[in-house]
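Scroll down for the structure; my scribbles are underneath it.
Here is how names work: the chains are called A, B, and so on, in the same order as the sequence lines, proteins then strands, and each is numbered from 1. Remember, it's a predicted structure, so these values are computed and weren't measured experimentally.
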There are 2 protein chains.
Amino acid sequence: MLTSERKALIQQVLRREGRLVAKEFSQKLGVSEDTIRRDLRELAGEGLLQRVHGGALPASSAVADFASREQVGSSVKARLGQAAARMIQSGQIVFLDGGTTNVQLARHLPHDLKAVVVTHSPSIAVELVHHPSVEVELIGGRLFKHSIVAVGATCAKAISRIRADLFFMGATGIHPETGVTTGDREEAAIKNLIARQSAETVVLATREKLGAASPYQIVPLSDVGTVVTMSDLGEEVLAPFRSSHLTLVEV
Amino acid sequence: MLTSERKALIQQVLRREGRLVAKEFSQKLGVSEDTIRRDLRELAGEGLLQRVHGGALPASSAVADFASREQVGSSVKARLGQAAARMIQSGQIVFLDGGTTNVQLARHLPHDLKAVVVTHSPSIAVELVHHPSVEVELIGGRLFKHSIVAVGATCAKAISRIRADLFFMGATGIHPETGVTTGDREEAAIKNLIARQSAETVVLATREKLGAASPYQIVPLSDVGTVVTMSDLGEEVLAPFRSSHLTLVEV
DNA sequence: CTTGACTCTGCACGATATTGCACGAAACTA
DNA sequence: TAGTTTCGTGCAATATCGTGCAGAGTCAAG
C-alpha cells in the first residue's frame, strides 16, 4: 500500500461516508494508528480534511453538514443508493436524476463500472468527477436552484436526443393512485420526459415517500418499472405496490 | 526489453490497475529498481503519470489533483475573484468558465447582484445555488473531468446560442506572443467559442500564469480585453501586457 | 575495422521518507 | 474527578530516492 494511495483512500472514504475513525481505518488497512494519524495530520495541513479527535471529517463545512445529517438520519439513503448502483451493468447508459439519494447512488457506483451517466444535476456531475471510468454527459438548461437540476426548454431538447437504459428518478412522493409526484411543475415535466426516453424507470423511495403525494404528477405508477425501498417497512405500506408489472426491491 | 516498450507497459499497468509499485514491477520485468525509477521519473516529467514514494499513480485522477490545486494560493485567487466579481453590473449576462479562480469569483459575487451567469462548469453551478438573485444557465455536454467542465459538440451548440457581456476565462498560461493557452485541445476550442460570443473577455491570472504558455492557444492576446492580476509582481513581468487595447487591473 | 560519442543499465552511497513503538500530554467519558 | 482513549513527538529501523560512475551495447564517421 503506497502512502499516497492511502491518502487518496482516506479522502474517498470521507467523500463517501462523511467521516473516518482513525482506529477503525488503521485496522482495516493493517497499518498502525500512528500512520493513519500522520496521514490525517498531513492532509489536514493541506486543508483537505478537518481533523477531529478520533478521526477526521470532510474539509468543507457544507459536506460536513451533509455528513452529520446523514449520520443522524442514519445511512438509509446510502443503502438504497448502494443497492441501486448494483443494478447498473457495464456498457449501459443511465440517467441519474438529482437529489441526495441519487448523490449516494453516484458515490456507490462500483469502481470498475464502465458506463455512461447522463444527468441534469450539476451536483451529480461533480460527484462523478472522482469516478475513474464512468463517462458523464451533462444536460444543460436553466438551473432550478431548489432541486439543483437544470430545467427548461434547452434542457428538454437535450434530453429528447438521448435514450437511456435506466432512469433513476428522484421524487418526493410515490402513491398507488397519484403515481410518482413532485413539488414543481416544470421539474415534473422534465422528469416525465426523461422517463419517456428511458427503457426502465427506477424510483428510490425512503419510508416517508412511500404512500405520499405531492402536487404535480410525473408519471402514473404503471410507468415505473422498479421501486427500491427498505425491507423493514410494514406490509400495509408495501402491499399497494406489489403488482405484476412493478418490481419491488427491498434492501 | 526496449525502454519505450517498458514505458508503454508502465502506462498500460497504470491504466489497468490504477497503481504501480516500483519494486514489484522491477522484479516482474527482471530489471533493476533504478531502471524503473528512471522510467517513472521521465514519464512523470512528461506529465504522463504521477510519481509517488514507492511507485506511481495515474496522472489525472483529478481527485487529489483538483483538491491540491484548490489549495494553491487560494487566498490570492480569492482576492482576484473578489476584484473580478466587482466588474459585473446588474442586468448583465456573464459567462463563467471553470477553474478554481472562477469558483472564487462565484463565491464573491455581491449578494444583491441581479445577473445571469452562464457556465459550462457544474462546480460553478453548484457554487451559485446559494446565491439569492443570480440566475444560472448551465451549459451541458460531455464532462471533461480534469477541468470539470462540459465540452463537445452539444456544448458548442448551446454556447453558440448565447451572447454574453463578459466572459471570465480560465487558462493555464497567458503570454504576449502565444496569447492565452491551455492544456487541452477541445477545451481550448470551447473557450475560444465562448470568447467569440462575448463582448469582452477577462482573464484572471495568478503569478505563475503570467508569461507562461501551454500547448493549445485559446485566443491571441489581442482578443483579451482585461487581465486581472496581482499588484506585487515585477514590472518586467507586467510590461509586455501593457498596451493600448488591453486593460491591466492590478489588485 | 577502429574510434569516439552516445544511450542504457546496474551498482554504490549518502540523503530522504516512511513506519512502528515508547512515553508523557491532552482530550474525552462516565 | 478518575479512568480511558487519543494525540503528538522523539527515536530507531527500514525502505526508497537521487546522483555519480562505470561497463556494455549501438551507431556512424573516419
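- Protein chain A contacts DNA chain D over a range whose 5' and 3' limits, counting nucleotides with an atom under 4.0 angstrom from a non-hydrogen atom, are D:dT6 to D:dT9.
- The backbone N or O of B:Gly55 lies less than 3.5 Å from a partner atom in the side chain of B:Arg51, making a donor-acceptor pair.
- Expressed to the nearest 0.5 Å, how far CE of B:Met169 lies from OG1 of B:Thr201 amounts to 5.0 Å.
- Axis angle across the helix from C:dC1-D:dG30 to C:dA30-D:dT1, with five pairs used at each end and values rounded to 10°: 30°.
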Are there any protein N/O atoms within less than 3.5 Å of an N/O atom in nucleotides 9-12 of chain C, and if so, which ones and at what distance?
unit_1	atom_1	unit_2	atom_2	d
C:dT9	OP1	B:Arg6	NH1	2.7
C:dT9	OP2	B:Thr3	OG1	3.4
C:dT9	OP2	B:Arg6	NH2	2.8
C:dG10	OP2	B:Ser32	N	3.1
C:dG10	OP2	B:Ser32	OG	3.1
C:dG10	OP2	B:Thr35	OG1	2.3
C:dG10	N7	B:Arg38	NH2	2.8
C:dG10	O6	B:Arg38	NH1	3.4
C:dG10	O6	B:Arg38	NH2	3.3
C:dC11	N4	B:Asp34	OD2	3.1
C:dA12	N6	B:Asp34	OD2	3.3

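- Sorted by first and then second residue, the pairs that involve residues 20-34 of chain A and meet salt bridge (Lys or Arg N to Asp or Glu O under 4.0 Å), not counting sequence neighbours, are A:Glu33-A:Arg37, A:Asp34-A:Arg37.
- Between the side chain of B:Asn192 and the main chain of B:Ile218, a donor-acceptor pair closer than 3.5 Å is present.
- Along DNA chain D, the nucleotide nearest to B:Gly55 and the one nearest to A:Arg41 differ in position, and the one closer to the 5' end is contacted by A:Arg41.
- For the pair B:Leu246 and B:Thr226, the minimum side-chain heavy-atom distance is 4.5 Å or more.
- Sorted by first and then second residue, the salt bridge (Lys or Arg N to Asp or Glu O under 4.0 Å) pairs with a member in residues 212-221 of chain B form an empty list; sequence neighbours excluded.
- Closest approach of B:Glu235 to B:Arg242, counting heavy atoms only: OE2-NE, 2.8 Å.
- Crowding of A:Glu208 atom CD: a count of heavy atoms from other residues, nucleotides or ligands under 6.0 Å exceeding 12.
- A donor-acceptor distance shorter than 3.5 angstrom exists from the side chain of B:Ser231 to the backbone of B:Val251, with no hydrogens or angles considered.
- Note: B:His111 and B:His131 have tilted aromatic rings, judged against thresholds of 30 and 60 degrees for the angle between ring planes.
- Checked by atom type and distance alone, the side chain of A:Thr229 pairs as donor or acceptor with a backbone atom of A:Ala205 at under 3.5 Å.
- Looking at B:Lys191, its side chain does come within 3.5 Å of a backbone N or O of B:Gly170 through a donor-acceptor pair.
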N/O-N/O pairs, protein side and nucleotides 28-30 of chain C side, under 3.5 Å:
none

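- Taking atom CG of A:Leu40 as the reference point, atom P of C:dT18 lies 15 Å away to the nearest angstrom.
- Using a 4.5 Å heavy-atom cutoff, the side chains of A:Leu143 and B:Leu128 are not in contact.
- Across all strands shown, A:Val52 has heavy atoms under 4.0 Å from sugar-phosphate atoms exclusively, and none from any base.
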